[in-house]
Protein chains: 2
Amino acid sequence: MTDETTYSISDLSQEFDITTRSIRFYEDQGLLSPQRRGQTRIYSRQDRVRLKLILRGKRLGFSLNECRELLELYDHTTSGSEMQLQLLLTRITERRAVLEQQLKDIELMQRELDSVEQRCREELQERHGQATKDSVA
Amino acid sequence: MTDETTYSISDLSQEFDITTRSIRFYEDQGLLSPQRRGQTRIYSRQDRVRLKLILRGKRLGFSLNECRELLELYDHTTSGSEMQLQLLLTRITERRAVLEQQLKDIELMQRELDSVEQRCREELQERHGQATKDSVA
DNA sequence: ATACATATTTACGTTTACGTAAACATACAT
DNA sequence: ATGTATGTTTACGTAAACGTAAATATGTAT
């Protein structure tokens, strides 16, 4: 039951709202390697998943090199030697640490936005006399 | 009770493990504006807080321009006109959306790391016969 | 067959976020 | 006074992540 679903480069660029240039660049950097029919690139469902992972990494501020490392974590799960598997566990731990720092950063930033928003609303209320409060029931 | 605590540029570069070049660059880009004693820069506690916020933004993949916008959200809380305050609330909402997307991305990525780690451990167990299991009590 | 859209390669350009080096000023210790 | 450390400005360099343009190929509709 090999899934034969494929995508063109413009399919993917439209779906994910990126340029074809970017997709080819990711291939250049070794993050993708679609099949070819003649010259044209044919992307499999796996390729599409990889692209999704790349973009997710980018949204978290990871460089393309870091994204590639993440993809390699996936690929090499069963392949490498024992030492490589141990090393892989180490990389996973490192990655986790970064993610948890980001979680903390997000929480702090959310609280700061809360406080700015509140100060902002208070200021608006003062200017409005005391009309249009906070839509309290 | 004005807090007179100040920092030199190298104080801050050491504390946050960045180069003095970076700190001056942030000033160049309008993210910092320390006082001067003659030529040398004197950083206040407020400046230090701003630097902290900048670095937090960077860890979340924000550009320096975005970091500056975040700082401006802070600064203009009570200053602007009503329209500017409304606009500020809009910007806050936008920022929140980005943060929530990042939260989702982090959760997904954590789960993926979980699954990679598990596959990796299983593979290691097979190679070890069934020795050194998962240190179960 | 021809037009037209889509895809490809090649290569130079651009922005961001600094690194690095040079040349000079300031301050403090000895 | 002379190092030595720290700080400053100025300016050129660089890596990452694409943008953009040009020239060419391929496929598809009519």
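Labels below follow one simple rule: chain letters A, B, ... track the order of the sequence lines, proteins then strands, and each chain is numbered from 1. None of these values were measured; they are calculated from a predicted model.
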> Are any of the side-chain nitrogens in B:Arg24 or B:Glu27 under 4.0 Å away from the carboxylate oxygens of its partner?
Replying inline: no
> Per the side chain to side chain donor-acceptor pair (under 3.5 Å) rule, which among A:Arg127, A:Gln125, A:Arg121 passes with A:Glu123?
Replying inline: A:Arg127
> Does OP1 or OP2 of D:dA17 have a side-chain N or O of A:Tyr26 closer than 4.0 Å?
Replying inline: no
> Does a donor on one side chain sit under 3.5 Å from an acceptor on the other, for B:Asp105 and B:Gln101?
Replying inline: yes
>> For A:Glu72, give me all partners under side chain to side chain contact (heavy atoms under 4.5 Å, CB included), at least two apart in sequence or on another chain.
In response: A:Arg68, A:His76
> With sequence neighbours left out, what residues match A:Thr93 under side chain to side chain donor-acceptor pair (under 3.5 Å)?
Replying inline: none
>> Strictly below 4.0 Å, N to O, side chains only: are B:Arg21 and B:Asp28 in salt-bridge contact?
In response: no
> Centre of A:Tyr74's six-membered ring, under 6.0 Å away, within 45 degrees of the axis: is that where NZ or CZ of A:Arg50 sits?
Replying inline: no
> Within this structure, what is the CZ-to-P distance between A:Phe25 and D:dG19, rounded to whole angstrom?
Replying inline: 10 Å
> Listed in order of residue number, which residues of residues 32-43 of chain B have a non-hydrogen atom at under 4.0 Å from DNA chain D?
Replying inline: B:Arg36, B:Gln39, B:Thr40, B:Arg41
>> I need the residues from residues 4-14 of chain B with at least one non-hydrogen atom less than 4.0 Å from DNA chain D; give them sorted by number, or say none.
In response: B:Ser8, B:Ile9, B:Ser10
>> Heavy-atom count check: over 12 atoms from other residues, nucleotides or ligands less than 6.0 Å from B:Arg36 CZ?
In response: yes
> Rounded to the Å, how far apart are B:Asp28 CG and C:dC18 P?
Replying inline: 12 Å
> Whole Å only: how far is the CG atom of A:Leu64 from the C1' atom of D:dC18?
Replying inline: 9 Å
>> Using only atom types and a distance under 3.5 Å, with no angle test, would you say the side chain of B:Gln102 pairs donor to acceptor with the backbone of A:Arg59?
In response: yes
>> Counting only heavy atoms from other residues, nucleotides and ligands, does the tally under 6.0 Å from CD of B:Gln29 exceed 12?
In response: yes
Can you tabulate the close N/O pairs, meaning under 3.5 Å, that link protein atoms to atoms of nucleotides 10-14 of chain C?
none

> Strictly by modelled atom types, are B:Tyr7 and B:Glu15 linked by a side-chain donor-acceptor pair under 3.5 Å?
Replying inline: no
>> I'd like to know if A:Glu107 pairs up with A:Lys104 as an ion pair, taking the criterion as any Lys NZ or Arg NE/NH1/NH2 lying under 4.0 Å from an Asp or Glu carboxylate oxygen.
In response: no
>> Whole angstroms only, please: what is the CD1-P distance between B:Ile23 and D:dT6?
In response: 14 Å
> Choosing from D:dA17, C:dG19, D:dG7, which nucleotide comes nearest the side chain of B:Thr19?
Replying inline: C:dG19
>> Under a 3.5 Å threshold, yes or no: a donor from one side chain and an acceptor from the other, between A:Thr19 and A:Ser22?
In response: yes
> Are the charged groups of B:Arg96 and A:Asp114 less than 4.0 angstrom apart, N to O?
Replying inline: yes
>> Please report the distance, rounded to the nearest Å, between CG in B:Asn65 and P in C:dT15.
In response: 13 Å
> To the nearest angstrom, how far is B:Glu27 atom CD from D:dG7 atom P?
Replying inline: 14 Å
> Does A:Arg24 make a side-chain N or O approach to OP1 or OP2 of C:dT8 shorter than 4.0 Å?
Replying inline: yes
> For DNA chain D, what residues of residues 48-63 of chain B have any heavy atom nearer than 4.0 Å?
Replying inline: none
